[in-house]
Amino acid sequence: MVVAYNKLHRGAIKVYQSILLLFFCQFLHTLALDCTMVSGNLKEIDAGSGSVVGVNNQNEAFVLIDNVFTKISPSLTHFSVGPAGQLGVDSANNIFKLQSGSFIMFPGRLKQVDAGGDQILAGVTKNDEIFCLNMDANNKWPCSTTPWVQLNGRLKHYSCGPYSCWGVSADDKIWIMKDVSNKACSGSGNFENISGRLSMIEVATDGSVFGVSSQKELFQRTGVSRSNPAGTDWQQMVACPNGQQHVSFDLGVLWVVCVDGSIRKCTSRQCSK
């Protein structure tokens with residue numbers, strides 16, 4: 001009886017998602033997503049270098065292993081994975097990096113850290129100060145010092161890709177730092193404002209840019225490339241029927257946390273005009 005109910009429930013969800021997909025394609029001209037629900041409940045998710053990690057509201061950390069989010073130690077408020085490694089921060093803003101199978105405390109204090117750049121680290125402090133760390137210092141740690149580079153400005157969230165870093169400020173304005181490289185994580189040194197408002201933003205390993213607004217709407221930046229890192233426009237997307245709260249992208253898959261904490265694994269399908 002329970003099995004039959006579960007099958008019926010899953011079937012109803014798929015029908016609802018199909019109706020929702022059709023509605024958005026026909027009337028809102030958004031980018032439609034084909035999504036499947038993944039077991040688990042998270043507040044944040046991050047994907048990079050073939051790995052997927054996340055944390056929940058209890059500050060428990062998880063790694064996706066064989067399509068199952070598996071709890072690991074230590075307790076983390078934020079967790080990031082990418083070419084720069086696996087790093088997290090705890091409730092005291094201590095930084096931890098996975099080294100030889102164990103998480104070891106890393107020099108510095110951040111409330112959010114990002115490992116998605118070209119072997120560079122980036123993040124922000126509890127006061128929204130912005131810092132980054134070049135590739136050599138990151139890769140040679142703990143055999144060398146870690147000279148964090150402070151950037152001008154204030155951001156509440158900061159994320160890096162192969163040639164640019166993007167952030168959002170306390171008022172949800174969007175900013176880009178161009179000319180970022182593994183030897184010059186500070187890039188051009190000057191942030192440029194991008195139109196729109198987002199509460200969080202994510203740059204993938206391939207340079208793709210996604211974000212979520214304070215209204216729980218999901219967007220992708222179109223036209224992003226190495227020759228045009230700022231892109232051209234924002235394209236709205238829909239993954240969750242009740243709104244999105246966090247997003248990450250890797251290897252052609254969009255990972256989305258819905259406002260209720262449920263997790264979606266999505267691929268895109270362009271709506272016909």
Side-chain angles (χ1 to χ4, degrees), residues 35-106 108 110-124 133 138-139 141 157-162 165-166 199-206 208-212 218 239-240 244-267:
C35 302
T36 57
M37 188 178 293
V38 179
S39 179
N41 194 279
L42 298 173
K43 68 175 180 179
E44 291 186 1
I45 196 165
D46 196 50
S49 299
S51 297
V52 184
V53 301
V55 295
N56 64 13
N57 287 323
Q58 289 72 47
N59 295 333
E60 296 171 321
F62 296 85
V63 175
L64 189 68
I65 302 174
D66 295 329
N67 293 316
V68 175
F69 278 99
T70 305
K71 182 182 174 182
I72 64 168
S73 294
S75 173
L76 298 173
T77 58
H78 180 79
F79 198 2
S80 183
V81 62
Q86 290 192 20
L87 294 101
V89 297
D90 65 9
S91 58
N93 296 323
N94 295 309
I95 308 169
F96 295 89
K97 183 177 182 181
L98 186 66
Q99 194 84 1
S100 302
S102 300
F103 279 93
I104 302 173
M105 191 175 291
F106 194 83
L110 296 172
K111 70 174 179 180
Q112 176 251 327
V113 65
D114 185 82
D118 185 8
Q119 301 180 67
I120 65 172
L121 297 179
V124 296
L133 187 69
N138 176 38
N139 290 344
W141 177 83
H157 189 96
Y158 196 45
S159 180
C160 290
C165 298
W166 293 64
S199 58
M200 67 82 55
I201 199 162
E202 176 71 14
V203 187
T205 305
D206 65 357
S208 302
V209 180
F210 299 85
V212 175
L218 174 64
C240 308
Q244 297 81 196
Q245 75 173 22
H246 213 264
V247 62
S248 191
F249 180 82
D250 186 45
L251 300 178
V253 176
L254 191 69
W255 297 88
V256 183
V257 175
C258 304
V259 294
D260 61 0
S262 60
I263 307 161
R264 300 291 194 277
K265 180 182 180 181
C266 306
T267 55

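Just so you know, residue 1 is the first one in the sequence shown, and it goes up from there.
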Between Phe106 and Val113, does the side chain to side chain contact (heavy atoms under 4.5 Å, CB included) criterion hold? Intermediate values first, please.
CA-CA 11 Å; Phe106 194 83; Val113 65; over 6 Å; no

After noting the C-alpha distance and the side-chain angles of Val89 and Gln112, does the key distance pass the side chain to side chain contact (heavy atoms under 4.5 Å, CB included) rule?
CA-CA 7 Å; Val89 297; Gln112 176 251 327; 5.7 Å; no

I would like to know whether His246 and Lys43 meet side chain to side chain contact (heavy atoms under 4.5 Å, CB included); could you show each step before the answer?
CA-CA 7 Å; His246 213 264; Lys43 68 175 180 179; over 6 Å; no

Between Phe69 and Val52, does the side chain to side chain contact (heavy atoms under 4.5 Å, CB included) criterion hold? Intermediate values first, please.
CA-CA 9 Å; Phe69 278 99; Val52 184; 3.9 Å; yes

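In terms of modelled atom types and a separation under 3.5 Å, the side chain of His157 and the main chain of Ile201 share a donor-acceptor contact. Here the side chain of Ser80 pairs a donor or acceptor atom with the backbone of Ala115 at under 3.5 angstrom. Between the side chain of Asp114 and the backbone N or O of Cys160 there is at least one donor-acceptor pair closer than 3.5 Å. Within the 3.5 Å criterion, the main-chain N or O of Trp166 finds no donor-acceptor partner in the side chain of Ser159. Between the side chain of Asn59 and the backbone N or O of Ser91 there is no donor-acceptor pair closer than 3.5 Å. Formation of a donor-acceptor pair under 3.5 Å by the Gln244 side chain with backbone atoms of Ala239 is found in this model. Not one N or O on the side chain of Asp206 forms a donor-acceptor pair closer than 3.5 Å with the backbone of Pro162. The closest donor-acceptor contact from the side chain of Asp250 to the backbone of Gly50 lies under 3.5 Å. Of the possible polar contacts, none joining the Asp66 side chain to the Val68 backbone as a donor-acceptor pair under 3.5 Å is found.
For the atom pair CH2 of Trp255 and CD1 of Ile263, the computed distance is 8.5 Å after rounding to the nearest 0.5 Å. How far CZ of Arg264 is from CE of Met37: 3.5 Å, rounded to the nearest 0.5 Å. If you take CD1 on Ile72 and CG on Leu98, they are separated by 7.5 Å, rounding to the nearest 0.5 Å. Annotation: the span from Asn41 atom CG to Phe62 atom CZ amounts to 9.0 Å, rounded to 0.5 Å. From Asn93, atom CG reaches atom CG of Leu110 across 7.5 Å, with rounding to the nearest 0.5 Å. Annotation: the span from Thr70 atom OG1 to Leu64 atom CG amounts to 7.5 Å, rounded to 0.5 Å.
For Trp141 against Gln99, the heavy-atom pair with the smallest separation is O-NE2, 3.5 Å. Smallest separation of non-hydrogen atoms from Asp90 and Thr77: O-OG1, 3.4 Å. When all heavy atoms are compared, the tightest approach of Val124 to Tyr158 is CG1-CB, 3.9 Å. Here the closest non-hydrogen pair linking Gln86 and Phe79 is OE1-CZ, 3.8 Å.
The only option from Asn57, Asn56, Val55 that meets the side chain to side chain contact (heavy atoms under 4.5 Å, CB included) definition with Glu44 turns out to be Val55. Partner of Leu87 under the side chain to side chain contact (heavy atoms under 4.5 Å, CB included) criterion, chosen from Val81, Ile95, Val53, Leu76: Ile95.
Residues Asn139 and Gln119 have side chains that bring a donor and an acceptor to within less than 3.5 angstrom of each other.
When side chains are defined from C-beta on, Val256 counts as touching Cys240, because their heavy atoms get closer than 4.5 Å. Residues Lys97 and Phe103 fail the side-chain proximity criterion, which asks for heavy atoms closer than 4.5 Å. Counting only heavy atoms from C-beta outward, the side chains of Thr205 and Pro83 approach each other to under 4.5 Å. In this structure, Met200 and Val247 have side chains that are in contact, with non-hydrogen atoms separated by less than 4.5 Å.
Remark: Cys266 SG to Cys35 SG, distance under 2.5 Å.
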